[in-house]
Amino acid sequence: MATSLRSRLCGSVRASDAGTKVRLGGWVHRTRDLGGIVFVDLRDRAGIVQVSFDPRWTPPEVLRRAGAVGVESVVLVEGEIAARPPESRNADLATGDVEVRATGLQLSGPSVTPAIPVARGKGEQLPAEELRLRHRYLDLRRPELHANLEMRHRLMQTTRRHLSDRGFLEIETPILTKPTPEGARDYIVPSRMHAGEFYALPQSPQLYKQLLMIAGYDRYFQIARCFRDEDLRADRQPEFTQIDIEAAFVGREDIMSVAEGLIGELFAESGAAAPAHFRRMSYADAMERYGTDRPDLRFGLELFDASDAFRETEFGIARSALGSGGRVRGLRLPGAAGFSRKQADELEEIAKSAGAGGLIRLRRTADSVEGPAAKFLGAEAVARLALADGDLALFVAGPDRVSSPALDRVRHEAARRLALVREGAREFLWVLDFPLFEQDAETGRLNATHHPFTSPHPDDLRHLESDPARVRAVAYDVVLNGMELGGGSIRIHDPAVQERVFRLLGIDEAAARLRFGFLLEGLRSGAPPHGGIAFGFDRIAMLLAGASSLRDVIAFPKTTAARALFEGAPSTVPAEDLDDLHIRVAGTAHD
RNA sequence: GGGACUGUAGCUCAGCUGGUUAGAGUGCCGGUCUGUCACACCGGAGGUCGCGGGUUCGAGCCCCGUCAGUCCCGCCA
């Protein structure tokens, strides 16, 4: 790290360096002017070191200027590393046994008073997210974000090395690509040379990587930027990074094994551990037992079907649900019988916000079962629920598509309140055997659960047209603690099967040729069996950096309204530029 | 598209039931101070209470709208 202007990094100085002459460059983190002597905490990406300006070794003129430097200014310091007096060592600082005794000081990049502080007082909250994003270069100076981005870098290098060592080729695919009618909304880029035509930014390199397999590049990877123009969440940015992997002459187990190997390596790089192999669960199982396709297995609280207990009762909510083909499902919360009315109401609010009509509560105490539904349940029905003393049971009556998400959220909130999640616990899981299609609740149309190129399970091929809902996909998701890390599938490589799937999705032959003609032609031109997987790299980085938001592992993230506050994107463009692009903004008078 | 929360000094926040001149900490400016490390102490400056409208004798506080940020639902093949 030595350059012509500095001899080493501030944060790298140690007691063993005492006596060495150094030249340092860095940002003024804090200053302490005691009158006769001045201390400056100098910060660079390696850490902080104390520079002491003292008349015993500092020329008066330098000492005077040291007292006047503002925080966040860039200074160049000349001096000598010296052990601190024993009584003034600082155990909180990696460099705290030493200091740099300054003989020279050059104010290289003075700073105005920073809009947001970089050095924070103890217990002081971070500045508002808006300000952190608007003054991003200041926020990024904080050691926490330096550590996060360094971790991200290391994960990226580990990915490259790991996959490259295993014969995967890193191949770039286009950013200017073709709009896709399915899936998320595309970010659109107008073409100047072709009036009225548009490129789209890729939602993923899916088609390209399949074409690479057809072209014989039988192990591919890319750390790929992907773009989706959808509404955002804490864990969702409009542009994000995937580790994209595809291989030919493989089955499901080959890809899963590559994925486990890579995940293991990434966790090891961060100092954490991942098991060599992950547990497995079918989609159907996951939905039945946890109400979600990405269950958090760090705690129990499994859902169960209580329909039988309610079937013969006069309890109206349950009766109408059961009568219309729904079920009564619920979960037992051991030790939660002591929840107050208010606490139970809050859980109900969570269920309601997830779409449930309400929660049926049953509280089991030493000698009775209480709750609005209790009086409808006979002794036998109560016995069926197998409630233990101190249990609170919560039920949702209705179709699974309502009860599953509601109970999923109640389950998570209950686990949090009952403190069931062990600190540092990691539960990896493969979710397998997803349905190939899902039916749109409103239109009744079939949509691809994963994407239209996912291979049906060979055993289910014969049901493809007759009973598409029961057709399983050869697809797999990696889930960690309820968070989806990645997912993939074996792809269709038989053009006839691909055409059948397109037909079921309502994409007729003409439309298929228009949208995916190049893929279909490729499949007819010698396509190997192939499949792959993609991981959400930002999420993995967030997890392994211990960050609490995706924004803390992305150097220049967008807000939830998809704005870049620092550079001010998106923005209007001059009318002449729009003319060149053959674009007129609706509602403007410009010609 | 819908819901919730937030917006007061450069920053972090307090501001009671609507009531006189809007506060604290920190930062900033000036001063004292030779071993501090959130240095300490003394003094000072600093406000479009996000913006617009309304109710009221009177609005930081109530109402409507709007902008921005955050979280959630829908959406994200």
Side-chain angles (χ1 to χ4, degrees), chain A residues 29-42 48-56 58 63 67-68 70-72 84-93 95-96 99 101 112-135 138-139 180-186 203-204 206-207 226-238 240 349-350 352-355 405-406 409 434 436-438 440-442 445-454 473 475 484 487 489 501 505 507 515 536 548-549 551 558-561 563 565:
Chain A
H29 190 67
R30 247 193 270 271
T31 61
R32 290 174 295 281
D33 183 349
L34 271 57
I37 62 174
V38 175
F39 297 103
V40 170
D41 287 343
L42 196 61
I48 292 173
V49 70
Q50 170 169 287
V51 182
S52 66
F53 298 81
D54 184 310
R56 283 178 286 169
T58 309
L63 184 57
V71 290
E72 296 311 316
R84 295 198 199 183
E87 67 279 7
S88 48
R89 290 186 181 156
N90 184 346
D92 296 334
L93 221 51
T95 60
E99 63 187 1
R101 297 187 170 168
V112 296
T113 301
I116 59 173
V118 176
R120 238 179 332 147
K122 274 181 188 148
E124 188 179 351
Q125 296 293 308
L126 285 172
E129 193 79 34
E130 181 179 354
L131 297 171
R132 293 179 51 197
L133 293 173
R134 198 174 293 283
H135 308 285
L138 291 173
D139 197 39
T180 52
E182 283 79 23
R185 273 184 287 270
D186 288 316
Q203 296 180 27
S204 84
Q206 182 60 35
L207 290 171
C226 305
F227 307 85
R228 294 180 189 171
D229 186 3
E230 294 292 347
D231 288 348
L232 307 177
R233 290 287 187 281
D235 60 352
R236 233 197 269 163
Q237 281 275 312
F240 59 98
E349 269 318 301
I350 286 166
K352 282 182 174 170
S353 77
R409 299 210 30 205
F434 282 79
L436 189 63
F437 302 109
E438 57 194 6
D440 187 296
E442 278 160 31
R445 275 192 50 187
L446 290 181
N447 288 318
T449 304
H450 196 54
H451 57 55
F453 321 109
T454 301
E484 184 188 326
S489 64
V501 169
L505 291 170
I507 306 171
R515 297 181 198 169
S548 51
S549 162
R551 291 184 292 271
K558 306 281 191 288
T559 68
T560 46
R563 283 192 178 279
L565 296 182

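Order of the sequence lines fixes the chain letters, A, B, ..., with proteins taken first and strands second; residue numbering starts at 1 for each chain.
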P gap between B/C13 and B/U8, integer Å:
9 Å

Heavy-atom donor-acceptor pair, A/Arg228 side-chain to B/C75 base, under 3.5 Å:
no

Can you tell me if the side-chain N/O atoms of A/Arg551 get under 4.0 Å from OP1 or OP2 in B/C71?
yes

Measure from CZ on A/Arg89 to P on B/G35 and round the result to the nearest Å.
18 Å

Report the residue from A/Thr31, A/Val38, A/Ile37 that forms a side chain to side chain contact (heavy atoms under 4.5 Å, CB included) with A/Phe53.
A/Val38

Of the candidates B/G74, B/C75, B/C71, the side chain of A/Glu230 sits closest to B/C75

Quick check on RNA chain B: between A/Pro85 and A/Glu124, whose nearest nucleotide comes earlier from the 5' end?
A/Glu124

Please tell me if A/Arg32 has a side-chain N or O lying less than 4.0 Å from either OP1 or OP2 of B/U36.
no

Let's test your reading of the model: under 3.5 Å, does the base of B/C72 pair with the side chain of A/Arg409 as donor and acceptor?
no

Can a donor-acceptor pair under 3.5 Å be found between the side-chain atoms of A/Glu87 and the base atoms of B/G35?
no

Could you check how far CG of A/Leu126 sits from C1' of B/G10, rounded to whole Å?
16 Å

A/Glu130 has an atom CD; how far is it from atom C1' of B/G69, in whole Å?
5 Å

I'd like the P distance from B/G3 over to B/C39, given in whole Å.
47 Å

A/Asp41 CG to B/C39 P, straight-line distance once rounded to whole Å
7 Å

Inter-nucleotide C1' distance (B/G65, B/A22), Å rounded:
26 Å

Tell me which nucleotide among B/U36, B/C75, B/U70 gets nearest to the side chain of A/Arg185.
B/C75

Between atom CD in A/Gln50 and atom P in B/G35, what is the gap in whole Å?
13 Å

Would you say a side-chain N or O of A/Thr113 is under 4.0 Å from OP1 or OP2 of B/G27?
no

Looking only at side-chain atoms of A/Pro452, point me to the closest of B/C71, B/G35, B/A77.
B/A77

Nearest to side-chain heavy atoms of A/Leu34, which nucleotide of B/C75, B/U12, B/U34
B/U34

May I ask you to evaluate whether A/Arg134 reaches the phosphate of B/A68, defined as a side-chain N or O under 4.0 Å from OP1 or OP2?
no

Give the rounded distance in Å between these two atoms: CG of A/Asp92 and C1' of B/C39.
15 Å

In whole Å, what separates the P atom of B/U20 from that of B/C61?
14 Å

Considering only the C1' atoms, how many Å lie between B/U36 and B/G19, rounded to the nearest integer?
48 Å

With no angle test and no hydrogens, is the base of B/C37 tied to the side chain of A/Arg30 by a donor-acceptor pair under 3.5 Å?
no

